[in-house]
Amino acid sequence: MQMTRDIGRQSFSASGMAASARAGVGVATASEPSLVQLRQVSKAYGEVIAVHPLDLEIAAGDFLAILGPSGCGKTTLLRMLGGFIKPTSGTVSIAGEDVTAQAPERRSTNMVFQSYGLFPHMNVRQNVGYGLTIAGVARAEIQKRVDETLALVRLESLANSRVTELSGGQQQRVALARALIMRPKVLLLDEPLAALDLKLRKAMHTELRTLHKAVGGTFVFVTHDQGEAMALANRIVVMDKGRVAQQGTAEDIYLRPSNHFVSTFVGEVNFIAGTRKAGQVEFGGGRFADPGSDGKVMVGIRPESILLGVQEGTTDFHFSGVIREKLFLGPFVQYVVEIPGGSVTVYGRALRLGEGDPITLGWSATDHWVVDTHG
Ligand code: ADP
Ligand code: MG
């Protein structure tokens, strides 16, 4: 199948959007193969295994976030998608074609780097049009596409500015435009907002969501920031030491983390030690049925899922404790409450209670989860 040669006509199509709507949160159905398929893809740098053999499917129209701490293999994985790194094993397919041996410029992918990589001696217009110029597209067509793309990232008024005169956020938008103008089937973004301050980053989240909807393409976004992944993506792949730790929607990962790593990496969590015996978990005076093998477990509960000052019988679990710390954090007050068997952090409202005061707390059985600790 001819793909990257045909950049003049290939486009972010309406069918891409329709496909994503049909595919729901990006789980490809049997009748509709995913746009990108990784099969047992791995990368070793000598002794260091940056990415262990993994399978990954990306549906057309997905906004996928690859989330994980520094060094977990995110960039390596993204670069294998873009063709900048050759996998040690496995195959990469895009739109049904095996592209494992294909060079980056032959693939229907395009990458936005953290360092922008703009040409300082060119103005905005020349930077954005560069890829089409190299591809030998006619001048009038380049002009039209540059105008369209600059409008998309709201940079029309800066078309003739030198890129060195732009702010970090504006340079980032030029880098985005330069990639988008090539109408890649898959846009790869490697921590593109890392250099921006928090406020600008949040503004860019909104812009990126709008852009993704407008072009109807497939975005793969690498980040170490769980808030960013949740703010952007319809599907998140959490990586830990070169492996996929969990994948799913933001809700799946936040509310039903499948292991200890994901529980702690994504958001704040309290872990209360317990034991499982004959299908019953016992912890800090609480007890509930939970199928699984006998052994030590941790009961995970988010600080915002714990209610303070509840009457016994109104929540599934109920404890009496003592406030050990109270911190005003703006949107909420953070309490550390000592309960039998340990202490928990709770996000709540301002109460006329302080350190040393007794308090009750409780939560619903649907809000916690159990992680085996194998020890
Ligand atoms: P991330 O983007 O998640 O921070 P990387 O993909 O950059 O992670 O790196 C994954 C692992 O591979 C790290 O241990 C890193 O040190 C190692 N690594 C990355 N690039 C190279 C390289 N060119 N040579 C040797 N080791 C590398
Ligand atoms: Mg990286």
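Below, each value reflects all heavy atoms present in this structure, side chains not excepted, and no hydrogens, waters or symmetry copies. Counting starts at 1 for both ligands and their atoms, following the listed order. None of these values were measured; they are calculated from a predicted model.
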Looking at [atom], what's its closest protein heavy atom, distance included?
atom                    : result
atom 13 (C) of ligand 1 : G71 O, 3.7 Å
atom 24 (N) of ligand 1 : Y45 CD2, 3.4 Å
atom 7 (O) of ligand 1  : T75 CB, 3.8 Å

Please report the C-alpha distance between R125 and D147 in whole Å, then the side-chain angles of each, then the deciding distance to 0.1 Å, and finally whether the salt bridge (charged side-chain N to carboxylate O under 4.0 Å, His left out) criterion is met. CA-CA 8 Å; R125 174 173 285 286; D147 287 339; 2.6 Å; yes
Can you say whether the rings of F288 and H368 are parallel (under 30°), tilted (30 to 60°) or perpendicular (over 60°)? tilted
Should G68 be listed as contacting ligand 1, given a heavy-atom distance under 4.0 Å as the test? no
Ignoring hydrogens and geometry, is there a side-chain-to-backbone donor-acceptor pair from R201 to L196 under 3.5 Å? yes
Short N or O distance, G73 and ligand 1, threshold 3.5 Å exclusive: yes
Do we see a donor-acceptor contact under 3.5 Å between the side chains of W369 and S258? no
Do you know which two heavy atoms are closest between M122 and Y130, and how far apart they sit? CE-CD1, 3.8 Å
Does the protein come close to atom 26 (N) of ligand 1 - that is, does one of its heavy atoms sit below 4.0 Å from that atom? yes
Does atom 11 (C) of ligand 1 have any protein heavy atom closer than 4.0 Å? yes
With heavy-atom distances below 4.0 Å as the criterion, list the atoms of ligand 1 near A50. 10 (C), 11 (C), 12 (O)
Ligand-side contact atoms (ligand 1) for residue partner T76, heavy atom cut-off under 4.0 Å: 5 (P), 6 (O), 9 (O)
Between R276 and D290, is there a side-chain N and carboxylate O pair less than 4.0 Å apart? yes
Between E57 and R39, does at least one N-O distance fall below 4.0 Å, as a salt bridge requires? yes
Closer than 2.8 Å to the Mg ion (ligand 2): does that hold for any N, O or S atom in T75? yes
